[in-house]
Amino acid sequence: MPDTPSPSQPVVTRFAPSPTGELHIGGARTALFSWAYARRFNGRFLLRFEDTDQKRSSKQAELNILRDLDWLGLRADNHDDIPRQSQRLDLYNTATRKLLDMGLAYEDAGAVRLRMDQDVSFRDEVYGDITVKADELEDFVIRKAPEADGRTFPTFHLAVVVDDVHMGVTHVIRGQEHLSNTPKHARLYDALGHARPIWVHTPSIMNPDGSKMSKRDKAKTARNAAQQAGILQSPIDDPKRYEAFLNKDNDDLDIALHIASVLGVELPEIDVADFRQSGYLPAVLLNYIALLGWNPGDDIERFDLPFMAEHFGFDRINRKNAKFDRDKLAAFNQEALAALPPDEFATKLREHFAAFHTAFVERLGDGFATFAAMYQERSKTLDDPATLGRFFIDAPADYDDKAVKKNLTKNDGEGLAMLAAFAETIDAIEPWDTPTIQAGLESFTVDKQLKNIGGIAQPLRVAITGSAVSPPIDATLALLGQQEVKARIARCLETVHDQA
RNA sequence: GCCCCCUUCGUCUAGUGGCCCAGGACAUCGCCUUCUCAUGGCGCAAACAGGGGUUCGACUCCCCUAGGGGGUACCA
């Protein structure tokens, strides 16, 4: 593994989201890289909220971002005292004043612009040396026109530079979309007389179709679903807003969520919170997004936070935008879940279900650990058992046609006959536990001269789950309980006879 | 339109002039294990965007074309 040169000064990195929404997956990766680099060189990783856009910023968004960063394990070193730009207006005004006095900036319609009258060259650790000619640069606004109350807010450009200087940030790690802003920032550092930081721009994370991964994708998905399903009446109180939503005049998340729940469609995961709800482990998410644009070489793909804290460097960051591959994330997650000690898996599953599927926790009671064990190696996410094991909570509403034909009605109802015969033997199975049930099933197989245990297991699966799929039949029956099994068989015999 | 950046299997990538008729992972497909599903084991298929140079030799260096991304805001 190649070695990254040690920086000549103490490292200070930062993550500076604007609190206008949830923590985006791309932001999480920027935070991860910043965290890892700081840890690698025993530096500091700082957080800052960029709330110069007062109208769109909110306290709630700040809280959510903090919660997600904590969940990921990327706690900032200034966690207890996070600066907000809105509290530092003086700093920006002082800088603006200075620039004005030096004649490097000028007023324009209430705003203040910085002169960009010379070529700007800078170096980026990922993209290399970049030069932009003066005639391609415009004088840009560094301070917006005053608010009604007289306060003056800086633009993002002035604010980042002043703040990064103020916080002593040495390495600015951020998304590639900022690369073309960097000449402005470089000029600002120079004009203000401060040493420039080291810039590190990372490629973007894209959707599988190559489009940018954005919050709007949720609205897009919901809108398409609504239009396909032809839902005309509003799922929310405000029909006008709904109409506007359908007309793409707004991308209201609440409306998208409503549509999704009504139609049962899944919205794409975009924010860290989405991935948490989908049941991905934070360590796996981190591992996967790190791989989207960075790798340690030597074909190493599975690694954790400590590994990154030891090996992360800018020299192995790629320049190409990467498409997000959910299948690979899911595969990593499944592998990680399977590798967990059973009791730890059960604990995590219980926590997840307590948050998102309370019915299971209530209904399963003491059987929850058994349930967890059954699904540990069958789950790609902590959410999978909720769908795969739905039948433990709700008896099947109907029976899958194909499964019925193949396992029950085929050969003159051979499967149904086996089911009926087995129902007779159930009371004799005592105690009702996995080994005893297995023994009962085996002797039934011999008695009826079945080719193998599947001859009775499959009919049972259909009766119990409505489909041909379940965990091992003995354990499934055991957890479901003797009475419930009898009831479901009886109901299946009745219903399927009627169908045939 | 103009400016900047990018381009290896379907996807993420290894590769820094000969080790590469290109390696790994996920996905796909096939076989084995098996009461279903899933696990596990084994295996197949699959890429250097195109065209010019430079060089004894190019995936690696240079140029052009095409395609993709970003910017062009008193949003960040």
Side-chain angles (χ1 to χ4, degrees), chain A residues 2 16-20 50-53 55-57 85 108-113 124 126-128 130-133 135-138 140-147 152-157 159-160 174-184 201 203-206 208 210-212 288-289 291-302 316 318-332 334-335 338 374-380 384 388 403 406-407 438 441-442 445 450-462 465 467-474 476:
Chain A
S18 54
T20 55
E50 305 212 327
D51 60 350
T52 51
D53 186 348
K55 294 170 200 71
R56 299 197 302 145
S57 299
Q85 295 182 323
D108 173 34
V112 176
R113 287 179 187 274
D124 179 87
V126 173
Y127 290 95
I130 295 172
T131 299
V132 184
K133 297 265 194 312
D135 55 352
E136 279 149 21
L137 264 9
E138 290 185 345
F140 65 99
V141 173
I142 57 174
R143 190 173 76 186
K144 305 173 191 175
E147 301 276 304
T152 51
F153 281 86
T155 59
F156 155 75
H157 304 295
V160 254
R174 54 173 29 161
Q176 162 235 233
E177 63 272 19
H178 285 298
L179 194 56
S180 37
N181 286 328
T182 308
K184 299 175 185 171
H201 289 90
S204 307
I205 299 178
M206 317 299 274
S211 63
K212 198 175 173 185
Y288 179 71
I289 61 179
L291 242 21
L292 251 27
W294 180 81
N295 75 78
D298 294 340
D299 291 336
I300 295 172
E301 286 212 305
R302 322 296 157 109
R316 296 194 67 91
N318 293 310
R319 285 183 285 268
K320 194 176 73 164
N321 290 167
K323 291 174 186 156
F324 197 95
D325 180 2
R326 267 168 245 274
D327 284 341
K328 185 157 180 173
L329 204 217
F332 274 34
Q334 176 161 31
E335 184 182 274
M374 271 183 203
Y375 283 102
Q376 180 161 10
E377 70 172 13
R378 265 164 264 267
S379 301
K380 290 182 190 298
D384 278 351
L388 299 175
K406 183 171 181 192
N407 303 297
Q438 178 65 18
L441 253 14
E442 275 166 12
T445 304
L450 293 172
K451 204 172 87 195
N452 59 38
I453 204 170
I456 180 60
Q458 286 309 90
L460 277 169
R461 281 199 169 87
V462 179
T465 73
S467 77
V469 177
S470 89
I473 195 67
D474 50 357
T476 301

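First the proteins, then the strands, lettered A, B, ... as listed; each starts at 1.
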Exercise for the section: State, to 0.1 Å, how close Arg316(A) and Asn295(A) come at their nearest heavy-atom pair, and which atoms those are. Expected result: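 That would be NE-O, 2.8 Å.
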Hey, does the side chain of [X] come within less than 4.0 Å of [N]'s phosphate (OP1/OP2), counting only N and O?
X: Lys320(A); N: rU8(B); result: yes
X: Asn407(A); N: rU36(B); result: no
X: Arg319(A); N: rC4(B); result: no

Would you mind classifying the nucleic acid contact of [X] as base, sugar-phosphate or nothing, using non-hydrogen atoms under 4.0 angstrom?
X: Pro471(A); value: base
X: Ile473(A); value: base
X: Ala331(A); value: sugar-phosphate
X: Glu136(A); value: sugar-phosphate
X: Pro183(A); value: nothing
X: Gly293(A); value: sugar-phosphate

Practice task
With the side chain counted from C-beta on, respond yes when Gln438(A) and Ile453(A) share a heavy-atom pair under 4.5 Å apart, and no when they do not.
Solution key: yes
What's the gap between [N] and [M] when it is taken at their [atom1] atoms, as a whole Å value?
N: rA27(B); M: rA46(B); atom1: C1'; value: 12 Å
N: rG50(B); M: rG67(B); atom1: C1'; value: 11 Å
N: rC19(B); M: rU60(B); atom1: P; value: 13 Å
N: rG43(B); M: rU36(B); atom1: P; value: 24 Å
N: rA45(B); M: rG24(B); atom1: P; value: 12 Å
N: rU72(B); M: rU65(B); atom1: C1'; value: 25 Å
N: rC20(B); M: rU8(B); atom1: C1'; value: 12 Å
N: rA14(B); M: rC61(B); atom1: P; value: 14 Å

Please check: side-chain N/O of [X] versus main-chain N/O of [Y], any donor-acceptor pairing under 3.5 Å?
X: Thr445(A); Y: Leu450(A); result: no
X: Ser467(A); Y: Val469(A); result: yes
X: Asp298(A); Y: Ile300(A); result: no
X: Tyr288(A); Y: Asp325(A); result: yes

Handout entry: Nucleotide-resolved protein contact map, nucleotides 68-76 of chain B, B/S/- at heavy-atom distance under 4.0 Å
Key = -SSS--BSB
Provide, to the nearest angstrom, the distance between the [atom1] atom belonging to [X] and the [atom2] atom belonging to [N].
X: Gln376(A); N: rG40(B); atom1: CD; atom2: P; answer: 12 Å
X: Glu301(A); N: rA14(B); atom1: CD; atom2: P; answer: 10 Å
X: Gln334(A); N: rU39(B); atom1: CD; atom2: C1'; answer: 8 Å
X: Glu377(A); N: rC37(B); atom1: CD; atom2: C1'; answer: 10 Å
X: Phe324(A); N: rC12(B); atom1: CZ; atom2: C1'; answer: 11 Å
X: Asp298(A); N: rG15(B); atom1: CG; atom2: P; answer: 9 Å
X: Arg326(A); N: rU28(B); atom1: CZ; atom2: C1'; answer: 19 Å
X: Phe332(A); N: rA27(B); atom1: CZ; atom2: C1'; answer: 12 Å

Practice task
Report yes if a donor N or O on one partner sits less than 3.5 Å from an acceptor N or O on the other, where the partners are the side chain of Arg378(A) and the base of rC37(B); otherwise report no.
Solution key: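 Answer is yes: a donor-acceptor pair is held.
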Practice task
Can you check whether any acceptor in the base of rA27(B) is under 3.5 Å from a donor in the side chain of Lys328(A), or vice versa?
Solution key: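 Between rA27(B) and Lys328(A), which were checked side chain against base, a qualifying N/O pair under 3.5 Å is absent.
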So what's [N] paired with, Watson-Crick or G-U wobble, going by both distances under 3.5 Å?
N: rC20(B); result: none
N: rC35(B); result: none
N: rC26(B); result: rG10(B)
N: rC2(B); result: rG71(B)

Practice task
For Lys144(A), look at atom NZ and say whether over 12 heavy atoms of other residues, nucleotides or ligands are found less than 6.0 Å away.
Solution key: yes
Between [options], which one does the side chain of [X] approach most closely?
X: Asp299(A); options: rC35(B), rG23(B), rG15(B); answer: rG23(B)
X: Arg302(A); options: rA14(B), rC26(B), rU36(B); answer: rC26(B)
X: Arg316(A); options: rG15(B), rC12(B), rC35(B); answer: rG15(B)

Practice task
Measure the CZ-OG1 distance between Arg174(A) and Thr182(A) for me, rounded to the nearest 0.5 Å.
Solution key: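 One gets 4.5 Å once the value is rounded to the nearest 0.5 Å.
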Handout entry: His201(A) NE2 to Arg319(A) CZ distance, which is reported to the nearest 0.5 Å
Key = 14.5 Å
Problem - 5' precedence on RNA chain B between Val469(A) and Pro203(A) (nearest-nucleotide basis) - result: Pro203(A)
Problem - First of Glu335(A) and Pro208(A) reached from the 5' end of RNA chain B, by closest nucleotide - result: Pro208(A)
Problem - Salt bridge present between Arg302(A) and Glu335(A) (N-O < 4.0 angstrom) - result: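 Looking at Arg302(A) and Glu335(A), the cut-off is met.
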